[in-house]
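Only heavy atoms go into these numbers, but all of them, side chains included; no hydrogens, no water, no symmetry mates. Each ligand, and each atom within it, is numbered from 1 in the order the structure gives.
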Amino acid sequence: MAGTGLFAEILDGDVYKYYADGEWKKSSSAKTVAIINPTTRKTQYKVQACTQEEVNKVMESAKTAQKSWAKTPLWKRAELLHKAAAILKEHKAPIAECLVKEIAKPAKDAVTEVVRSGDLVSYTAEEGVRILGEGKFLVSDSFPGNERTKYCLTSKIPLGVILAIPPFNYPVNLAVSKIAPALIAGNSLVLKPPTQGAVSALHMVHCFHLAGFAKGLISCVTGKGSEIGDFLTMHPGVNCISFTGGDTGIAISKKAGMVPLQMELGGKDACIVLKDADLDLVAANIIKGGFSYSGQRCTAVKVVLVMESVADVLVDKVKAKIAKLTVGPPEDDCDITPVVSESSANFIEGLVKDAKEKGATFCQEYKRDGNLIWPLLLDNVRPDMRIAWEEPFGPVLPVIRINSIEEGIHHCNASNFGLQGCVFSKDVNKAILISDAMETGTVQINSAPARGPDHFPFQGLKDSGIGSQGVTNSINMMTKIKSTVINLPTPSYTMG
Ligand SMILES: NC(=O)C1=CN([C@@H]2O[C@H](COP(=O)(O)OP(=O)(O)OC[C@H]3O[C@@H](n4cnc5c(N)ncnc54)[C@H](OP(=O)(O)O)[C@@H]3O)[C@@H](O)[C@H]2O)C=CC1
Ligand SMILES: O=C(O)[C@H](O)COP(=O)(O)O
């Protein structure tokens, strides 16, 4: 059970502690932040509201710890990460329980998130050993005007202190996708977990603590992003920010100083369906892509752009599948569970009302009970409706009927987002041309958008992000190149 047994140390009465200097601590603020269970809409957990002074101390310890960590052999860093991964997987049950209570993730998906996270940590350790052990050797005579008098040796060095800020929907997986690359590359790490999801993240951090990482190397400060977020992101002790979330990321990128940024932000992933598509395959992927975790995935299918000639058949197939989705509490492993907060549910309802006023066809009756919103397909959506452009982050999916492929590509590219998209067609050559024309970081052909598997590159264009994630890209992003040049008094040519 959460906060018991091995995890008892992280709890003080009914308030979870924060993690700094290798210890679980109470904040001197004496203030707490409530975490509301999306299903019951009652306080489920409480976490510390950390102070600016505590953030300062964490940054100092992170800086000191990083210096000796960078001198720890790469294989030893990997060994510790493998240990943390094993502990995490072994203790998947209490962490998954937190995910169910804090963010209403269906029970089975919650377990999958923890296991996937352990695998990600292990994979990162292996990949780090491979790619960080390699450097480059360059000689000067390849550039015009030079003789072979200079040997340049390059290697990848850590950046220093990495600040990691994940969103509520994958508070464990999107935290370790930042923690593991940072650590294997020789950096220290300060985590600010999302408020909804903070307790799952604290349990995960305890697994790293139990693995035996040096004190100060990993810290976890809790509190509302709106209160301590700016202080953290503008802190002079931070050398790199890895953020996943919504528009907050755009604001952070304007405020952050001269530090590398990795931003994974929102999306409005389009699903373009051609006349020759396998409509059963499309319908199955629209259900998986649009409604899993109640549409609260950045990579969810967020608008279907279907050729008019096959639209009726496709909509009927999707309607039939929606009718089979189970709706209810995450504990029962229902397909559709309450969305994360009342404000989120209100926002989704606003989009639905706007679509109704402007004449969208409701394929199901709109139904809501508290934060629980029944799955809804909106047909005949037009570009003047908000839902055509905004991401609901909920189980509501618009269908726009198109008369040409160009119309579909135009809608996709007119979005301010550019995360992923997908194309369904039996003609792979045509699908590739469409993929090339779509202004998104990834296009899936004949499958729904997805970030995983976690070693694939993952990036957004336009307002969907800066840089690229995925294990290898994240490790590279959290390092810098350092060169040493050996200057010879006379040219030297091998075997010359
Ligand atoms: N491209 C991608 O990979 C992904 C993108 N997303 C996007 O994230 C959004 C949903 O997630 P959500 O958690 O609501 O996103 P938010 O942007 O609201 O929050 C993300 C994180 O930022 C923190 N935060 C809030 N304000 C600040 C601030 N001023 N400075 C620093 N940090 C701050 C939050 O903390 P707190 O919770 O305390 O407010 C949270 O940890 C959607 O738009 C979705 O598309 C989600 C997942 C993946
Ligand atoms: O936060 C998200 O939405 C994730 O990045 C999506 O991950 P997935 O596509 O692998 O579910």
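- Here Asn169 has side-chain heavy atoms under 4.0 Å from ligand 1, and that is the only part of it that gets that close.
- Near Gly223, the atoms of ligand 1 lying under 4.0 angstrom from a non-hydrogen atom of the residue are 38 (O).
- Contacts of Thr244 with ligand 1, taken as heavy-atom pairs under 4.0 Å, involve both backbone and side chain.
- Using a 4.0 Å heavy-atom cutoff, Ala198 is absent from the residues neighbouring ligand 1.
- With a 4.0 Å heavy-atom cut-off, ligand 1 is reached by the side chain of Phe458 but not by its N, CA, C or O.
- The protein atom (non-hydrogen) at minimum distance from atom 14 (O) of ligand 1 is Phe168 CD2, 3.6 Å.
- Residue Leu419 has no N or O atom closer than 3.5 Å to an N or O atom of ligand 1.
- For the residue pair Ser188 and Gln66, no side-chain donor N or O sits within less than 3.5 Å of a side-chain acceptor on the partner.
- Geometrically, ligand 2 and Phe458 share no nitrogen or oxygen pair separated by less than 3.5 Å.
- Which parts of ligand 1 touch Lys224 is read off a 4.0 Å heavy-atom cut-off, strictly below it: atoms 38 (O).
- The pair Lys17-Asp12 fails the salt-bridge criterion, with no side-chain N (NZ, NE, NH1 or NH2) lying under 4.0 Å from an Asp/Glu carboxylate O.
- A salt bridge does not link Lys358 with Asp384: none of the charged nitrogens is closer than 4.0 Å to a carboxylate oxygen.
- Assignment of Phe243 to the shell around ligand 1 is supported, since a heavy atom sits closer than 4.0 Å.
- When each atom of ligand 1 is checked for a heavy atom of Asp230 under 4.0 Å away, the hits are 29 (N), 30 (N).
- Below 4.0 Å from some heavy atom of Asn169 lie the following atoms of ligand 2, by number and element: 1 (O), 2 (C), 3 (O).
- The atoms of ligand 2 that sit less than 4.0 Å from any heavy atom of Ala450 are 9 (O).
- Of all the atoms in ligand 2, the ones that sit under 4.0 Å from a non-hydrogen atom of Leu174 are 1 (O).
- Where the criterion is an N or O separation shorter than 3.5 Å, residue side chain and backbone included, Gln196 fails it with respect to ligand 1.
- Counting only heavy atoms of the protein, atom 30 (N) of ligand 1 lies nearest to Gly229 CA, 3.2 Å.
- Protein heavy atom in closest approach to atom 1 (N) of ligand 1: Leu265 O, 2.5 Å.
- Looking only at protein heavy atoms, the nearest one to atom 10 (C) of ligand 1 is Phe393 CE2, 3.6 Å.
- Contacts with ligand 1 closer than 4.0 Å are made by side-chain heavy atoms of Glu391 only, the backbone lying farther away.
- The closest side-chain donor-acceptor pair between Trp24 and His209, if any, does not fall under 3.5 angstrom.
- Given atom 32 (N) of ligand 1, the protein heavy atom at minimum distance is Ile165 CD1, 3.7 Å.
- By the 3.5 Å distance cut-off applied to N or O atoms, Thr248 is counted among the residues near ligand 1.
- The closest approach between a heavy atom of Arg116 and any atom of ligand 2 is below 4.0 Å.
- Considering only non-hydrogen atoms, atom 41 (O) of ligand 1 lies nearest to Pro166 out of Ala175, Gly246, Gly245, Pro166.
- With a 4.0 Å heavy-atom cut-off, ligand 1 is reached by no atom of Val340.
- Nearest protein neighbour of atom 28 (C) of ligand 1, counting heavy atoms only, is Gly225 O, 3.5 Å.
- Of the charged side-chain nitrogens involved, none lies within less than 4.0 Å of a carboxylate oxygen, so that Glu97 and Lys101 do not count as a salt-bridged pair.
- Looking only at protein heavy atoms, the nearest one to atom 11 (O) of ligand 2 is Tyr170 OH, 2.5 Å.
- For the residue pair Thr222 and Gln48, no side-chain donor N or O sits within less than 3.5 Å of a side-chain acceptor on the partner.
- One finds no salt bridge joining Glu54 and Lys57 here, because no Lys/Arg side-chain nitrogen approaches an Asp/Glu carboxylate oxygen to under 4.0 Å.
- Looking only at protein heavy atoms, the nearest one to atom 3 (O) of ligand 2 is Cys298 N, 2.5 Å.
- From the protein, the heavy atom lying nearest to atom 6 (C) of ligand 2 is Thr299 OG1, 3.3 Å.
- For a threshold of 3.5 Å applied to N or O pairs, the pair formed by Cys298 and ligand 1 contains no separation below that value.
- The shortest N/O to N/O separation between Thr195 and ligand 1 falls below 3.5 Å.
- Geometric assessment of Arg451 against the ring of Tyr170 yields a positive cation-pi assignment under the 6.0 Å and 45° thresholds.
- A perpendicular orientation is assigned to the rings of Phe393 and Phe168, their planes being inclined by more than 60° (bins at 30° and 60°).
- Summarising the contacts of atom 4 (C) of ligand 2 with Glu113, Arg451, Gln469, the nearest heavy atom is found in Arg451.
- Among Met263, Gln262, Gln469, the single residue meeting the side chain to side chain contact (heavy atoms under 4.5 Å, CB included) criterion with Thr244 is Gln469.
- Some N or O of Lys192 is nearer than 3.5 Å to an N or O of ligand 1, by distance alone.
- Of the charged side-chain nitrogens involved, at least one lies within less than 4.0 Å of a carboxylate oxygen, so that Lys302 and Glu391 count as a salt-bridged pair.
- Ring centroids of His203 and Tyr16 are separated by less than 6.0 Å, placing the two rings close together.
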